[in-house]
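Every chain is numbered from 1, with letters handed out A, B, ... down the list of sequences. These numbers come from the heavy atoms of this one structure, side chains and all, not from hydrogens, waters or symmetry mates.
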Amino acid sequence: MSAFKSYNHKDIEDKIYSYWEKNKCFKPKKNKNKKYFSIVIPPPNVTGSLHMGHALNNSIQDLLVRHNRNKGLETLWQPGTDHAGIATQLVVEKQLFKKGISRKDLGREKFLKEVWKWKEKSGGIITDQLKKLGSSCDWSRDRFTMDKGLSKAVLKVFVNLYEKKLIYKDLKLTNWDTKLQTAISDLEVVQKNTKGKLYYIKYKLAYNDQNIIVATTRPETMFGDTAIAVNPKDERYKELIGKEVIIPISNRKIKIISDVYADPDQGSGAVKITPAHDFNDYLVGKRNKLNSINILNKDGTLNENVPNDYLNLDRLEARKKLIVELEQKNYLDKIEDINHTVPYGDRTNSIIEPLLTEQWFVDAKKLAKEAIRQVKKKNTNFFPDNWKKTYFQWMENIEPWCISRQLWWGHQIPAWYTEDGKIIVAENILEAKKIAKKKFKTAKILKQDPDVLDTWFSSALWPFATLGWPNNKSYELKRFYKTSVLVTGFDIIFFWVARMMMMGLYFMKEVPFEDVYVHALVRDEKGQKMSKSKGNVIDPLTIINEFGADALRFTLISMSSPGRDVKLSVDRVKGYRNFITKIWNTFSYCKINNIFKTKNIKLSNVKNPANQWIIKTLNLYKQKIKNNINDYRFDEAARNIYLYIWNYFCDWYIEFSKPLLNSNNKKIIEETKNTLLYVQRENLSLLHAFIPFVTEELWNLTNYKKLEKTDLVNFNFKKDFALKNTKSTKDIDFIINFITDLRSIKAKLNISPGNFVDVNIDELPKQNQKIIYNNELIVKKLGRINNFDLRGVKSKIGKVVLSNNKISISFGDEIDLDQQILILDKKVKILENEIRNSEKKLKNDSFIKKAPENVVNQEKDLLENNKSEYKNLSEIISSLK
RNA sequence: GGGCGGUUAGCUCAGUUGGUAGAGCAUCUCGUUUACACCGAGAGGGUCGGGAGUUCGAGUCUCUCACCGCCCACCA
């Protein structure tokens, strides 16, 4: 029988995926088991393309989903994409701009049509890329945050929260992005450390020629000053409280007030108060009932509230001009260089201005209470556990969530205004009219609120809205909510996780997920954040193309140790590609040996020690790996499966199987074939969740598909094969040590590993003699031994201690005695050291008294062994000399 | 200012109730033997960031210092 052709991921991955899709392999298989498994995907931006973060995130989800599917649980992985309000609008605007069209030229309706057109055409890219990775989502349930169902859910949630007064409209100082001309939430503002200047400006007192000096980093805001504050305890300014000063250039008079906000140690101790353009000043203004003067237009230029010379200048231009004028007119006391943080918009990277506008807010403080309580009650658990601290810290200090955006792409806010400005919130205009009639006795509704909702508002509903809510009878909602686990990066704990908790609890009265698995960021191999500008981005699709999705998945999974960033290196991927090839070749080996020709697996009473040993090892590692996955220790799971397959199955068992299959004992041949058939099936099923493509392909190429009457993706783990006795598995451990030692000695004596030798053993306990005779085929083949004699034939040539037995090896003439003495001397020195340490320990009374018995015994055994080995070695050395 | 991580072999990282320091990659030597050179066999390489403490015993627990990274808040 011929071998497989060599492994090439390009031949199989796409083919296998379309097979899965065509045959609807990812649809949940209904069953009555109370336990189920469900995950909602963190919806990627519809504008997005797959980056390493996605690849990690989805490799982990797919591992969990496939593993639980193989466990036989009814399993749903709910996919979808996010409409990404700002990002998408910007993409489409950019395209139009190339054609010389602006968004405003088109008007709202036509513009939105363009966006939808774009979405239909390009919105599927990220989905296709997820498929390349092997993600086994139920694509028949694919959702979009702007689709009909989700939009309905959004409206319902908004109206409901409004009625409960958990959503309200308010005139407040808000973060304003002058480039996008929209409000954004606190979370979308990034504070950046910047070198800046601190300007000390003289304000003239109104009643004499003296000055009061204030320091500011944003001098242009002085046109909006409505007071100067000094600390009531500050002796320098006590006399001035209540007096008036004149703002330079605009020459408006304002009062000096007393407020604890002024810090005598900062700047000059006197601080200008601009309630309309600074969050702290806003509070000071409220406390002291100051006016607010807004000096900015929505685009960041100065408005009519500033002197004519400055009208319509951008705020940063105005700043430059103002400094020159202040300097000329001798209002500038000094300029200092300082380091401070400046707020930037995370999307536009433009400086954010606090601006007084009317916006919609969610009363997050109230919703957060239950979300905190449920995590404290451990109804939702974080992995690693530490992240719950971050969660609590933010939740306990949560601010009102600004949810309105002055954009066009998104869920338009379901609020209508009557002619006289009264607000009506309803799911649609008909409802709104009804309410208007009843409540305000008017049918005249002028217009709908033009704003749209923050994209995260709809994302917050994702775990229940995608499952069918508000239709509470939906099968999926009942079956799959709460979801089993949310897999996400820590960067969106606030944006998303916290908000899903709040909304899920409020509307479903149950947490949206049992567990939250928080994974790290993917960085480059030097630990740098991947970014286009640094040019260190590793594109997952390039890697998939070169090494295969399986290799990439295995790499990411194996590197996802909790609490550490994933530093991705191409070398690692290459290494795991080799691992996959190795697996492939083991099946080729089995095929050559006609393993898959059998009609069924006949395994009843396995007798051969090697066969017993591999089954025992398999069972052991199967359990370890299952536990690792259950504990979210995917790195450990990957390590164990790699270790088991490569170091036990390949390095030892396959080698054992060769002499067994080649023997003339038909029973042993039959048993070994069946063992291989059984173990390889288990290997595939265990590996499938990690490397689905190659395993499914092998499942097809071998006989398992017919044998088990199912695709691997839907194969259910079977009960472990229980060995009737496992005593002789220890024999194999002895043999492994024996052969390893033999090889090591040969290498040290510069004897070619392939050379066959004669082995005479002096002092081998009967028990061990038996083991060797029982496994003669294996020992001879793997040890490359011609003949061995266990009866103690005296020979001075090549005497060594091996597996703690005195042994002599005949190698022919080529043995180098001096070399051998050198090796043995080295070993003796190490032993001397260890013996000294053990003796010291055992002479220590408190060690004997206080250490547990087994530890003390262990130490005694160690000493005994070392002593006898020492004795053996010394004898050999003197006999060689 | 508040909080959270990290520091273990040349590199990337494991090390789960404290009990003889591990893996992969890289390096060196040897090698084609029923799969696999994307391979096999063997070897070298570590005072576990520094210091102190608890303990019979510390990579592991406590304190402290140093360096690196991240998050939140503030900044006149």
Check your understanding: Do the two ring centres, one from F587(A) and one from F4(A), sit under 6.0 Å apart?
Key -> no
Point to revise | Integer-rounded Å distance: G57(B) P and F847(A) CZ | key: 11 Å
Exercise for review: Could you go through the salt bridge (charged side-chain N to carboxylate O under 4.0 Å, His left out) check for D550(A) and R577(A) one step at a time?
Suggested key: CA-CA 8 Å; D550(A) 283 333; R577(A) 190 273 320 268; over 6 Å; no
Revision key, fill the gap. Residue pair N386(A)/N193(A) against RNA chain B: nearer the 5' end by closest nucleotide is N386(A)
Check your understanding: What is the nucleic acid contact for L198(A), judged by heavy atoms within less than 4.0 Å: base, sugar-phosphate only, or nothing?
Key -> sugar-phosphate
Check your understanding: Separation of W387(A) atom CH2 from C71(B) atom P, in whole Å?
Key -> 9 Å
**Study point:** Test: E336(A) and K334(A) ion pair at under 4.0 Å
**Key:** yes
Exercise for review: Rounded off to whole Å, could you give me the CD-to-C1' distance for the Q191(A) and A73(B) pair?
Suggested key: 9 Å
Revision key, fill the gap. Considering only heavy side-chain atoms of T217(A), the closest of C56(B), A76(B), U20(B) is A76(B)
Check your understanding: R633(A) has a side chain; which of A76(B), G15(B), C56(B) sits nearest to it?
Key -> G15(B)
**Study point:** Sequence-aligned protein contact record of nucleotides 34-43 of chain B, with B where the base is within under 4.0 Å of a protein heavy atom and S where only the sugar-phosphate is
**Key:** BBB-BSSSSS
Exercise for review: Choose from C56(B), A14(B), U12(B) the nucleotide whose nearest atom is closest to any side-chain atom of E636(A).
Suggested key: A14(B)
Review point. Given atom NZ of K192(A) and atom P of C70(B), what is their separation to the nearest angstrom?
Key: 14 Å
Exercise for review: Determine the Euclidean distance between corresponding P atoms of G31(B) and G24(B); express it in Å to zero decimal places.
Suggested key: 23 Å
Review point. C56(B) C1' sits how many Å from N844(A) CG, rounded?
Key: 5 Å
**Study point:** Integer angstrom distance from the P of U64(B) to that of G2(B)
**Key:** 14 Å
Review point. Can you tell me how far C1' in A37(B) sits from the matching atom in U32(B), rounded to whole Å?
Key: 9 Å
Review point. With sugar-phosphate meaning primed atoms plus P, OP1 and OP2, does N854(A) contact a base, only sugar-phosphate, or nothing at under 4.0 Å between heavy atoms?
Key: nothing
Practice item. In whole angstrom, give me the gap between the P atoms of G44(B) and G49(B). Key: 24 Å
Practice item. Tell which nucleotide pairs with A52(B), taking only Watson-Crick or G-U wobble pairs whose two distances are both under 3.5 angstrom. Key: U62(B)
Review point. In Å, rounded to the nearest 0.5 Å, how long is the span from CZ of F579(A) to OG1 of T555(A)?
Key: 11.0 Å
Check your understanding: Stepwise, does the ring pair (Phe, Tyr, Trp, His ring centres under 6.0 Å) test hold for Y576(A) with Y642(A)?
Key -> CA-CA 9 Å; Y576(A) 290 123; Y642(A) 185 96; 5.7 Å; yes
Exercise for review: Could you walk me through whether L521(A) and V566(A) pass the side chain to side chain contact (heavy atoms under 4.5 Å, CB included) test, one step at a time?
Suggested key: CA-CA 6 Å; L521(A) 290 176; V566(A) 174; over 6 Å; no
Review point. So what does F494(A) touch, heavy atoms closer than 4.0 Å: a base, only the sugar-phosphate, or nothing?
Key: sugar-phosphate
Review point. Between A215(A) and S846(A), who's closer to the 5' end of RNA chain B by nearest nucleotide?
Key: S846(A)
Check your understanding: When rounded to the nearest 0.5 angstrom, what is the spacing between CG in N611(A) and CG in L676(A)?
Key -> 7.5 Å
Check your understanding: Any side-chain N or O of K389(A) under 4.0 Å from OP1/OP2 of G3(B)?
Key -> no
Point to revise | Nucleotide paired to G1(B) in any strand shown, Watson-Crick or G-U, under 3.5 Å | key: C72(B)
Point to revise | Between U16(B) and U60(B) - C1' atom distance, rounded Å | key: 10 Å
Exercise for review: Select base, sugar-phosphate, or nothing to describe what V855(A) touches, counting heavy atoms under 4.0 Å on all strands.
Suggested key: base
Practice item. Under 4.0 Å between any heavy atoms, over every strand shown, what does Y261(A) touch: base, sugar-phosphate, or nothing? Just pick one. Key: base
**Study point:** Pair K658(A) + E655(A), salt bridge at N-O below 4.0 Å
**Key:** yes
Review point. Do the numbers put K624(A) on top of the ring of Y621(A), so that NZ or CZ is under 6.0 Å from the six-membered ring centre and no more than 45° off the axis?
Key: yes
**Study point:** Distance in angstrom units between F392(A) CZ and C72(B) P, rounded
**Key:** 19 Å
**Study point:** U47(B) versus C68(B) - spacing of their C1' atoms, nearest Å
**Key:** 23 Å
Review point. Taking the C1' atom of each, how far is C48(B) from C61(B), in whole Å?
Key: 16 Å
**Study point:** P gap between U62(B) and G69(B), integer Å
**Key:** 25 Å
Check your understanding: Considering Watson-Crick and G-U wobble pairs with both distances under 3.5 Å, what does C39(B) pair with?
Key -> G31(B)
Study note, to complete from the structure: Of the candidates C56(B), G2(B), C25(B), the side chain of Q393(A) sits closest to G2(B)
Point to revise | Spacing between N837(A) atom CG and A21(B) atom P, to the nearest angstrom | key: 10 Å
Point to revise | Salt bridge K272(A)-D281(A), side-chain N to carboxylate O under 4.0 Å | key: no
**Study point:** Rounded distance (Å) that lies between atom P of A76(B) and atom CD1 of I212(A)
**Key:** 17 Å
Check your understanding: Mind checking who C67(B) pairs with, Watson-Crick or G-U wobble, both distances under 3.5 Å?
Key -> G6(B)
